[in-house]
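Report on one structure; see the data block that follows.
Keep in mind that the numbers below use all heavy atoms, side chains included, and drop hydrogens, waters and symmetry copies.
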Amino acid sequence: MASPSAALSLCSAFSAHCSIAPPRSLSKPSLSLARPAIGFLSTSAASTSRPAFPAAPKFAESAAVAEPETTDVEAVVVSEDKPKREEIFAVVMVGGRQYIVFPGRYLYTQRLKDANVDDQIVLNKVLLVGTKTHTYIGKPVVTNATVHAVVENQGLNDKVVVFKYKPKKKYRRNIGHRQPNTRIRITGISGYEEYPASPNVAT
């Protein structure tokens, strides 16, 4: 076992070679409460990345727009005086049906037998003729009044479905039918001038 003197000499030698540093003071890190600038709102980013544009002039400083020069020349519209066609209509009977016809218009009637395309036909069952100033009422027809027309097409009407049904008999019949028709165009109305007009003359 070592003596006390030897232990003291050993401690003095150890303290001579080793120096113990004083304890460091622990300081808390400082926190900055300033909100960092993000994106284009930061002044540094705006100063570096934002291009320098010239200031736009104000509305009052903008140049005045030059107004178009007005001339004293006025546009002159030349109207050609064309003879107006007399407004006239008639009521004719074709195949047991009555139709109101106007010159220049077309209508569909029942199939006219022995009538081909581009044939000129005359309708002489004229029940009434009306103009802008007079009305000619037939009793029953207007004497010598005729309606001239031309055949344009021989066709068929839209299909009509005829369905027959009997309950508890297993009876079903589905039949389609298309009625033949004739398209004619009215070319003129004539021969009514000599017929006496009705008392209630339009004024």
Side-chain angles (χ1 to χ4, degrees), residues 64-203:
V65 180
E67 297 181 356
E69 298 180 357
T70 58
T71 59
D72 297 336
V73 180
E74 296 181 357
V76 178
V77 179
V78 179
S79 60
E80 299 179 358
D81 295 336
K82 295 182 180 179
K84 295 182 179 180
R85 186 174 57 183
E86 184 180 5
E87 298 179 1
I88 185 175
F89 71 96
V91 178
V92 297
M93 181 175 289
V94 180
R97 297 183 180 181
Q98 298 180 8
Y99 301 92
I100 299 177
V101 296
F102 297 87
R105 299 186 184 182
Y106 67 88
L107 76 151
Y108 289 93
T109 64
Q110 295 182 1
R111 176 63 61 88
L112 301 178
K113 296 181 180 179
D114 301 332
N116 300 322
V117 180
D118 296 336
D119 286 352
Q120 301 289 335
I121 60 175
V122 176
L123 308 175
N124 51 15
K125 291 185 179 181
V126 182
L127 306 180
L128 182 142
V129 177
T131 63
K132 194 173 183 179
T133 56
H134 296 80
T135 303
Y136 304 88
I137 302 175
K139 300 178 182 180
V141 296
V142 179
T143 308
N144 299 329
T146 56
V147 175
H148 303 273
V150 60
V151 179
E152 290 189 345
N153 186 21
Q154 297 280 12
L156 300 173
N157 290 337
D158 296 336
K159 180 180 287 187
V160 178
V161 177
V162 181
F163 182 75
K164 297 181 180 180
Y165 166 78
K166 292 183 180 180
K168 301 179 183 180
K169 298 295 182 183
K170 295 183 180 180
Y171 181 84
R172 306 285 190 280
R173 294 294 183 272
N174 192 354
I175 304 172
H177 173 72
R178 299 187 67 183
Q179 183 72 17
N181 60 17
T182 302
R183 172 173 169 168
I184 62 176
R185 184 173 294 276
I186 307 302
T187 57
I189 302 172
S190 62
Y192 62 90
E193 293 84 358
E194 298 180 357
Y195 192 83
S198 61
N200 52 350
V201 177
T203 57

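Between the OH atom in Y195 and the CD1 atom in I137 there is a gap of 8.5 Å [rounded to 0.5 Å]. Distance check, rounded to the nearest 0.5 Å: NE2 of H177 to CG of D158 gives 12.0 Å. Rounded to the nearest 0.5 angstrom, L156 CG and Q179 CD are separated by 9.0 Å. Atom NZ of K159 sits about 12.0 Å away from atom CD1 of I175, to the nearest 0.5 Å.
In this structure, T109 and Y99 approach most closely via the heavy-atom pair CA-OH, 3.8 Å. Closest non-hydrogen pair, H134 versus A197, comes out as CD2-CB, 4.1 Å.
Here A90 pairs with V101, V126, V129, V147, I189 under the side-chain contact (heavy atoms from CB on, under 4.5 Å) rule; sequence neighbours left out. Contacts of N144 classified as side-chain hydrogen bond (donor to acceptor under 3.5 Å, both in side chains), with partners at least two apart in sequence or in another chain: none.
Annotation: side chain of F102 is not in contact with side chain of I186 (no heavy-atom distance under 4.5 Å). Taking the side chain as every heavy atom from C-beta outward, V151 and I121 approach each other to under 4.5 Å. Contact of the N174 side chain with the V161 side chain is registered, since non-hydrogen atoms from C-beta on lie closer than 4.5 Å. The shortest side-chain heavy-atom distance between Y106 and I184 does not fall under the 4.5 Å cut-off. Two residues are said to be in side-chain contact when any heavy atoms from C-beta on lie closer than 4.5 Å; L127 and M93 meet this criterion.
Residue pairs meeting the side-chain hydrogen bond (donor to acceptor under 3.5 Å, both in side chains) criterion with at least one member in residues 147-156, sequence neighbours excluded, are R111-Q154, T146-H148, H148-S190, E152-R183, E152-R185, Q154-T182. Pairs of residues two or more places apart, or lying in two chains, never qualify as salt bridge (Lys or Arg N to Asp or Glu O under 4.0 Å) while including a residue from residues 92-109. The list of salt bridge (Lys or Arg N to Asp or Glu O under 4.0 Å) pairs with a residue in residues 113-124, not counting sequence neighbours, is empty.
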L128 and Y136: CA distance, side-chain angles, deciding distance, side-chain contact (heavy atoms from CB on, under 4.5 Å) verdict = CA-CA 6 Å; L128 182 142; Y136 304 88; over 6 Å; no
Report the C-alpha distance between I88 and Y192 in whole Å, list the side-chain angles of each, state the deciding distance to 0.1 Å, and finish with yes or no for side-chain contact (heavy atoms from CB on, under 4.5 Å).
-> CA-CA 11 Å; I88 185 175; Y192 62 90; 3.2 Å; yes
Show me, pair by pair, the donor-acceptor contacts under 3.5 angstrom made by side chains of residues 163-170, not counting sequence neighbours?
none

